Amino acid sequence: MNIQLSSISKTFNQRLILNQIDFQAESGKLIHIVGGNGSGKSTIFKIICQIIEPDSGTVFLSDDVNLGALIENPSFIEDRSIKANLSFLGKIKKQFNEERVINLVSRLGLDYDNKLKLSKYSLGMRQKVGIIQAIMENQNVILLDEPTRGLDKEALAEFNKIIGELIEESKTIIIASHDNLADLQFDEYYSLEEGRLQSS
Ligand SMILES: Nc1ncnc2c1ncn2[C@@H]1O[C@H](COP(=O)(O)OP(=O)(O)OP(=O)(O)O)[C@@H](O)[C@H]1O
Ligand SMILES: [Mg+2]
C-alpha cells in the first residue's frame with residue numbers, strides 16, 4: 001500500500017494554496033497534518049481522493065488502496081435515518097458489514113435503529129456518522145479532516161480507542177487538524193504553512 005504526492009501545486013483565485021508539496025504515506029502509519037484555517041488541509045485530502053485536480057504534480061495511489069474519508073462537512077441523505085444512510089453508502093462498494101457498523105454506531109453513542117432523519121442530527125452526531133462511514137468498510141487508508149470537531153469527552157475517548165485499533169490492524173490513517181491531538185501517538189507529523197508541507 002502506498003500513497004504518493006509529488007510536487008503538487010494548487011492555486012485558487014491566483015492564490016497559491018499548495019506550493020510543490022511532496023507527501024508519502026506507508027502502511028500502518030498514523031500521520032498528522034497540522035495547519036491553520038485556510039492552509040490547505042482539506043484541499044490536500046480532496047486531491048488524494050481525486051475530487052479536485054492539482055494544477056501540477058502527480059498523485060499516485062497503489063492498486064490496493066481502499067480509501068475512506070471524512071472531509072469537511074459530510075453530506076447525507078437528509079430525510080433518511082442513520083441506518084438508511086449507512087446501508088446506502090455500504091451498497092456502493094458492497095463491503096458492508098452491518099455487524100461492524102452497528103458496533104461502531106453504538107460505541108460512538110448513536111442508535112442504529114433511531115428513525116430520526118439526519119437533518120435533525122446535531123453537529124456532533126453528524127460528525128460521528130461521518131467518522132463511521134470513513135472506517136466502516138475496512139478501508140485501509142483513512143483520511144480524517146478535523147475528525148474530533150464537535151465530539152464530547154466520551155466520544156473523543158472512544159474515537160482515540162478506535163484509531164488505536166485501526167493502527168493495530170495496519171490501517172494507514174492521516175488526520176488533519178488545526179490543533180495538536182495530544183492523546184494520539186502519531187508516527188509522523190507534517191505542518192502546512194504558506195503552501196508548504198513540511199515534515200516535522
Ligand atoms: N473550490 C475553491 N475555490 C476557491 N478557493 C478555494 C476552494 N477550495 C479552497 N479554497 C481556498 O483555499 C484555501 C485552503 O482551503 P482549505 O479548505 O484546504 O483549508 P483548510 O486548511 O482545510 O482550512 P480549515 O481549517 O478552515 O478547514 C482557502 O483560502 C480557501 O478559501
Ligand atoms: Mg478544512
Side-chain angles (χ1 to χ4, degrees), residues 3-25 29-61 65 67-76 78 85 89 108 118-119 121-136 139 141-153 155-156 159-160 162-163 166 171-200:
I3 290 188
Q4 192 149 7
L5 305 186
S6 306
S7 205
I8 295 284
S9 294
K10 182 73 190 174
T11 300
F12 284 123
N13 305 325
Q14 284 110 17
R15 247 193 77 210
L16 186 59
I17 302 301
L18 301 176
N19 186 2
Q20 299 198 313
I21 67 159
D22 295 312
F23 174 79
Q24 189 172 328
K29 296 277 195 240
L30 180 57
I31 300 171
H32 195 187
I33 298 177
V34 186
N37 295 133
S39 60
K41 303 180 299 294
S42 301
T43 302
I44 291 182
F45 279 0
K46 289 175 196 167
I47 288 173
I48 294 174
C49 291
Q50 304 181 26
I51 296 169
I52 63 173
E53 268 196 58
D55 299 333
S56 58
T58 57
V59 181
F60 171 80
L61 305 186
V65 168
L67 272 179
L70 162 67
I71 305 178
E72 292 176 338
N73 309 308
S75 308
F76 300 109
E78 295 295 332
N85 270 272
L89 288 171
L108 287 173
L118 262 286
S119 63
Y121 271 44
S122 70
L123 195 69
M125 289 164 82
R126 291 177 74 87
Q127 186 73 358
K128 292 172 182 181
V129 181
I131 292 169
I132 292 163
Q133 60 78 33
I135 62 178
M136 68 182 187
Q139 293 95 330
V141 179
I142 300 158
L143 311 179
L144 299 171
D145 189 8
E146 301 281 0
T148 61
R149 186 178 54 173
L151 298 188
D152 63 26
K153 217 167 53 192
L156 189 59
F159 171 79
N160 290 337
I162 291 169
I163 294 297
L166 293 169
K171 306 285 163 51
T172 303
I173 305 178
I174 308 166
I175 297 182
S177 69
H178 62 270
D179 54 355
N180 64 329
L181 301 167
D183 295 332
L184 290 172
Q185 297 277 312
F186 288 95
D187 298 300
E188 291 171 26
Y189 291 91
Y190 286 86
S191 67
L192 183 58
E193 217 179 318
E194 292 177 358
R196 294 284 189 179
L197 184 69
Q198 262 156 351
S199 148
S200 53

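Worth saying up front: this structure is predicted, and the values here are computed from it rather than measured. Start at 1 and go down the list; that is how both ligands and their atoms are numbered.
- Protein heavy atom at the shortest distance from atom 14 (C) of ligand 1 is G38 O, 3.2 Å.
- Among all protein heavy atoms, the one lying closest to atom 9 (C) of ligand 1 is F12 CE1, 3.4 Å.
- Atom-to-atom distance recorded for L181:CG and N160:CG is 8.0 Å, nearest 0.5 angstrom.
- Once rounded to the nearest 0.5 Å, the distance linking OH of Y190 with NE2 of H32 reads 13.0 Å.
- Other residues, nucleotides and ligands contribute over 12 non-hydrogen atoms within 6.0 Å of the CD1 atom of I51.
- Around the CD atom of E193, the shell of radius 6.0 Å holds no more than 12 heavy atoms that belong to other residues, nucleotides or ligands.
- Side-chain contact check for Q24 versus D22: every heavy-atom pair is 4.5 Å or farther apart.
- Within the structure, the closest approach of G36 to ligand 1 falls below 4.0 Å when heavy atoms are considered.
- At least one donor-acceptor pair under 3.5 Å links the side chain of S9 to the backbone N or O of Q20.
- Contact analysis puts S39 in contact with ligand 1, with a non-hydrogen atom separation below 4.0 angstrom.
- Rounded to the nearest 0.5 Å, atoms CG (L166) and CD (Q139) are 9.5 Å apart.
- The closest protein non-hydrogen atom to atom 15 (O) of ligand 1 is T43 OG1, 3.7 Å.
- Atom CG of L61 sits about 8.0 Å away from atom CD1 of I48, to the nearest 0.5 Å.
- At least one heavy atom of R15 sits less than 4.0 Å from an atom of ligand 1.
- Classification of E78 and R126 as a salt-bridged pair holds, one side-chain N sitting under 4.0 Å from a carboxylate O.
- Protein heavy atom in closest approach to atom 27 (O) of ligand 1: S42 OG, 4.0 Å.
- Of all the heavy atoms of N37, the ones lying under 4.0 Å from any atom of ligand 1 are found in both the backbone and the side chain.
- When distances from atom 3 (N) of ligand 1 to the protein are checked, a heavy atom turns up under 4.0 Å.
- For E72, the closest heavy-atom approach to ligand 1 falls below 4.0 Å.
- Protein heavy atoms are absent from the 4.0 Å sphere centred on atom 30 (C) of ligand 1.
- Proximity annotation for atom 25 (O) of ligand 1: of K10, K41, K46, K41 comes nearest, heavy atoms only.
- Taking 2.8 Å as the threshold, S42 counts as a candidate ligand of the Mg ion (ligand 2), since one of its N, O or S atoms lies below it.
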